[in-house]
Amino acid sequence: SLSQAQSKQQADATAANVLELKTDFGGGVEIKTSSAVVLKLDEEQEARSKFILTANHTVAEMPNWGFTFQAKRDFADIDKDNNGQLLRKEIEDYRELQCPDDELTREWGQLRDQRAQLTHLLEHFDQIQEISRNLNPEAKGVTMAGLDAFYKAATHSSVKTKDGFVDVQVVASDPQSDLALLKVDDSSPKHKKSFPPGLTISDDKVKPGETVASVGYVNGKLTRIDSKVVGSDLEPDDNGKVSTFTTDKLLTPGTSGGPTIREGDNQTFVGINHAHGSDTGVIVDSAAGRSFLAAYFASGKQIKRQLAD
């Protein structure tokens, strides 16, 4: 095991590459703070921009704004006049026809969820209608462009650097592995200098009994949770199976998206903090991280985002 001085030196080196992540899910109404790790990539990838890895659920959960995707899916069915816009009465009629507020709807999860999403749309109808009219003065209802503009205006992520908070874009997201790739806003290249060199993803998996440390921000304070690996598994998730390993210490809320590192290693990380079980920490392993990044950089295209269609 490391001496106290060696442990502090490792923690300091790692800490420089762990950032506080702030995601605003709606004009300041709902703000989530979590963690992220700066990636060290090859020169070609670094030349594109500065990339940051975090947990998908820290940036892709949209409890208030996910209804915009439901509206886009149902748009053609709701738009009975086929005029490219949704009127309040059309939405109300469609909701009552497709998923009425009755016993069957309350018991059937899909219909219940669809009704809830359409209700959210009606709650925000006036705001989206105003945006739609700003984009098209002839619009009398909600347009597809208005829905897109509302969502983009409602979500915003930034990371804290030595020069303050810097805006980032979610360029790839995978709900199954719970990983998301962030990119520094290219319109401000000077911000790249604000970032540390980064960490690389380990080439090999951890083994039970190894000592690791999960690092992240809790209430704005950098926190390190030392633990031992107790096993690896495919963790059941709403979106499928997540390749993880577990530790004998709970993860503290706020550390999600930060890295887990091996004892004695301040150059690489072995996983991304995912969640906590009943009495364990759950970490998305390095193999899942390498696969996620390889898919993004090999294709040069965005990995499909949650609810993007």
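Just so you know, these numbers use all the heavy atoms, side chains as well, and skip hydrogens, waters and symmetry mates. Note that the coordinates shown come from a computational prediction; the quantities given were computed from them, not determined experimentally.
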Counting N and O atoms only, with roles assigned by atom type, does the side chain of [X] sit under 3.5 Å from a partner on the main chain of [Y], one being a donor and the other an acceptor?
X: S291; Y: A287; result: no
X: Q85; Y: G141; result: yes
X: K249; Y: D226; result: yes

For [X], give me all partners under side chain to side chain contact (heavy atoms under 4.5 Å, CB included), at least two apart in sequence or on another chain.
X: N219; answer: none
X: S35; answer: Y217
X: E130; answer: N134
X: D248; answer: S227, K228, V230

Given side chain to side chain contact (heavy atoms under 4.5 Å, CB included), test L118 with I78 step by step and report yes or no. CA-CA 11 Å; L118 291 169; I78 301 173; 4.1 Å; yes

With the side chain counted from C-beta on, respond yes when [X] and [Y] share a heavy-atom pair under 4.5 Å apart, and no when they do not.
X: V159; Y: F195; value: yes
X: T68; Y: H124; value: no
X: K140; Y: L87; value: yes
X: V142; Y: L147; value: yes
X: N266; Y: N17; value: no
X: F269; Y: L53; value: yes

Count I, L, V, M, F, W, Y as connected when their side-chain heavy atoms are under 4.5 Å apart, and connections chain through other members. Are V218 and L251 then in the same cluster? no

Are L199 and F297 connected in a single hydrophobic cluster, I mean Ile/Leu/Val/Met/Phe/Trp/Tyr linked by side-chain heavy atoms less than 4.5 Å apart? yes

My understanding is that only residues two or more places apart in sequence, or in another chain, count here; which of them pass salt bridge (charged side-chain N to carboxylate O under 4.0 Å, His left out) with [X]?
X: D126; result: R88
X: E210; result: R262
X: D81; result: none
X: D93; result: K89

For [X] and [Y], which heavy atoms make the closest approach, and how far apart are they?
X: S157; Y: T23; value: OG-OG1, 3.0 Å
X: A55; Y: S256; value: CB-C, 4.5 Å
X: T143; Y: F75; value: C-CE1, 3.9 Å

Of V270, V37, L39, the one forming a side-chain contact (heavy atoms from CB on, under 4.5 Å) with P259 is V37

Run the side chain to side chain contact (heavy atoms under 4.5 Å, CB included) test on L21 and L182 for me, step by step, so that the C-alpha distance in whole Å, both residues' side-chain angles and the decisive distance to 0.1 Å come before the verdict. CA-CA 10 Å; L21 171 65; L182 314 177; 4.0 Å; yes

Indicate whether the side chain of T200 and that of T268 have a donor and an acceptor atom separated by less than 3.5 Å. no

For Q117 and H120, which I'm curious about, is there any donor-acceptor pair between the side chains at under 3.5 Å? no

Any cation-pi pair here, K205 with F245, using under 6.0 Å and within 45°? no

According to side chain to side chain donor-acceptor pair (under 3.5 Å), who are the partners of [X], at least two apart in sequence or on a separate chain?
X: E92; answer: none
X: D74; answer: Q70, Q114
X: R95; answer: T119
X: T260; answer: S214, N273

How long is the gap from CE on M144 to CG on D79, to the nearest 0.5 Å? 9.0 Å

Using a strict threshold of under 4.0 Å (side-chain N to carboxylate O), is an ion pair present between E20 and K221? no

